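Take a look at the structure set out below.
Source: prediction; values computed, not measured. Side chains included, hydrogens not; waters and symmetry mates left out as well; all remaining heavy atoms used.
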Amino acid sequence: MHYLAFVFLLISFNSYADLSINYYHDNTKRVLAGYNHKSGLLFEAKNAEKIIHIATVEWPPYIGDHLCNKGWVYQFAVALFNSKGYSVYIEFLPWARAVRNVELGKADILMPEYFIEDTAPSDYVQGKTRRELLGLSNSFKGGEIAFLKRKGEPDRFSGNLKSVKGQKIGVVRGYQNTPEFDAMMDNNEFQIISAVDDLQLVQLLAAKRVDLIIGDPTVLKFSVEYSSLTPIEKKFLLSSLAQETISLQYNPLYFAISKLTPDWLLILDNINTSLYQFHNSGETERLISFLSNECQS
């Protein structure tokens with residue numbers, strides 16, 4: 001290839017957005033371009049006075065750095081904040097680090113988050129609860145929480161968490177699960193083994209290091225399919241899993257904002273207004289449906 005032609009192609013390639021997000025607001029289609037910035041992507045809004053720094057996690061199929069379009073929660077979050085005139089910088093981190101950064105004010109928003117109980121202690125600020133450090137938005141669409149066991153073993157969970165007291169249970173460090181489970185865990189009523197992410201959690205179960213693991217079954221199974229493991233390793237892990245018959249509860253998702261972020265109350269109010277507008281206009285479901293169809297085509 002001629003050198004000048006190669007340079008032109010290179011310049012043209014670099015001028016393209018790393019990710020484009022399309023959404024509707026006030027009956028108008030908006031197209032938002034995201035470009036590489038620090039360790040994530042930056043989506044700039046015109047005349048924005050603030051960049052919202054979001055810390056998120058690999059949590060497929062809801063969100064993932066290498067997922068098709070990075071998952072619906074990623075696109076939903078960027079569209080939501082952009083609709084209120086904010087630029088958005090979003091980066092993927094291990095969950096514990098994401099929690100730490102937002103609780104310490106090194107990032108503005110943690111998402112997607114489960115409901116945080118008023119009494120849940122912070123792992124990073126001694127003597128503080130998480131709700132003293134974080135403001136929680138209204139909810140948006142989430143998923144189920146359940147125990148998973150090894151295939152072929154009997155159920156341990158009867159519907160009452162007392163039935164699994166003393167059991168060795170795997171959790172992802174820093175995750176909220178259900179208020180009752182988290183309270184009993186904090187009270188040392190289970191033998192808890194912590195994992196750094198959902199994939200490691202599944203591996204703990206398959207290796208018989210725990211009796212049960214807790215989480216969103218869809219996420220736990222997808223974390224295996226989404227991983228860099230070999231096909232044989234994936235098949236082994238997936239064939240080892242079985243969901244307990246009785247689920248714990250349905251968990252909606254939330255945005256958590258650092259109370260160290262300037263004007264955090266105003267930002268929280270804008271988040272809640274946008275959540276209502278997206279839900280009421282049908283844009284939330286349209287985004288989910290559109291992205292699902294686009295990634296299957």
Applying the side chain to side chain contact (heavy atoms under 4.5 Å, CB included) test to E103, which of D123, L110, L133 qualifies? L133

Do Y250 and I145 come within less than 4.5 Å of each other through their side chains, counting heavy atoms only? no

Within the 3.5 Å criterion, strictly below it, is a donor on N251 or E144 matched to an acceptor on the partner's side chain? no

Please identify each residue that fulfils side-chain contact (heavy atoms from CB on, under 4.5 Å) with S87, with sequence neighbours left out. E44, A45, A48, I51

Tell me every residue that passes side-chain contact (heavy atoms from CB on, under 4.5 Å) with T218, counting only those two or more places apart in sequence or in another chain. P61, D216

Roughly how far, to the nearest 0.5 Å, is CD1 of I213 from CD of E244? 11.0 Å

Donor-acceptor pair, distance only, cut-off 3.5 Å: does the side chain of W95 make one with the backbone of V196? no

For L265, does its backbone N or O pair with a side-chain atom of D269 as donor and acceptor, under 3.5 Å? no

Indicate yes or no: at least one non-hydrogen side-chain atom of R156 is less than 4.5 angstrom from one of L212. yes

Distance-only, no hydrogens or angles: does the Q200 side chain make a donor-acceptor pair with backbone N or O of D197 under 3.5 Å? no

Taking the six-membered ring for Trp, are H25 and Y23 parallel (under 30°), tilted (30 to 60°) or perpendicular (over 60°)? tilted

Measure up the W72 and F140 rings against each other and bin them: parallel (under 30°), tilted (30 to 60°), perpendicular (over 60°). perpendicular

CA sep, side-chain torsions, deciding dist, call: H66, Y226, side-chain contact (heavy atoms from CB on, under 4.5 Å): CA-CA 9 Å; H66 304 291; Y226 176 70; 3.6 Å; yes

is_close_aromatic(Y35, Y89), centroid dist under 6.0 Å: no

Do I109 and W264 have side chains that approach each other closer than 4.5 Å (heavy atoms only, starting at C-beta)? no

Could you check whether any side-chain heavy atom of L93 comes within less than 4.5 Å of a side-chain heavy atom of V57, counting everything from C-beta outward? no

Rounded to the nearest 0.5 Å, how far does CD1 of I193 lie from CG of L205? 12.5 Å

Does K162 offer a backbone N or O that forms a donor-acceptor pair with the side chain of N160 under 3.5 Å? yes

Which residue, T178, V171, I214, forms the side chain to side chain contact (heavy atoms under 4.5 Å, CB included) with M185? V171

Charged N to carboxylate O below 4.0 Å: is that the case for R131 and D118? yes

Between A195 and L204, what is the shortest heavy-atom contact and its length? CB-CD1, 3.9 Å

Output the distance between atom CG (L134) and atom CG (L136), rounded to the nearest 0.5 Å. 8.0 Å

Is the closest basic N to carboxylate O distance between K70 and D65 below 4.0 Å? yes

Looking at F115, is R130 sitting on its ring face, NZ or CZ under 6.0 Å from the six-membered ring centre and within 45 degrees of the normal? no

If we ignore hydrogens and angles and just use 3.5 Å, is the side chain of D108 paired with the main-chain N or O of I54 as donor and acceptor? no

S122 backbone acceptor or donor facing K128 side chain under 3.5 Å: no

Audit row: L199, L237, side-chain contact (heavy atoms from CB on, under 4.5 Å) steps and yes/no: CA-CA 10 Å; L199 176 61; L237 288 177; 4.3 Å; yes

Check for a donor-acceptor pair, side chain of N272 on one end and backbone N or O of N138 on the other, with a separation under 3.5 Å. yes

E113 side chain reached by Q176 side chain, heavy atoms, under 4.5 Å: yes

Measure the CG-NZ distance between D263 and K50 for me, rounded to the nearest 0.5 Å. 8.0 Å

Between E283 and R286 (salt bridge meaning N to carboxylate O under 4.0 Å), is one present in this structure? yes

I'd like to know whether the aromatic ring centres of F181 and F190 sit less than 6.0 Å apart in this structure. yes

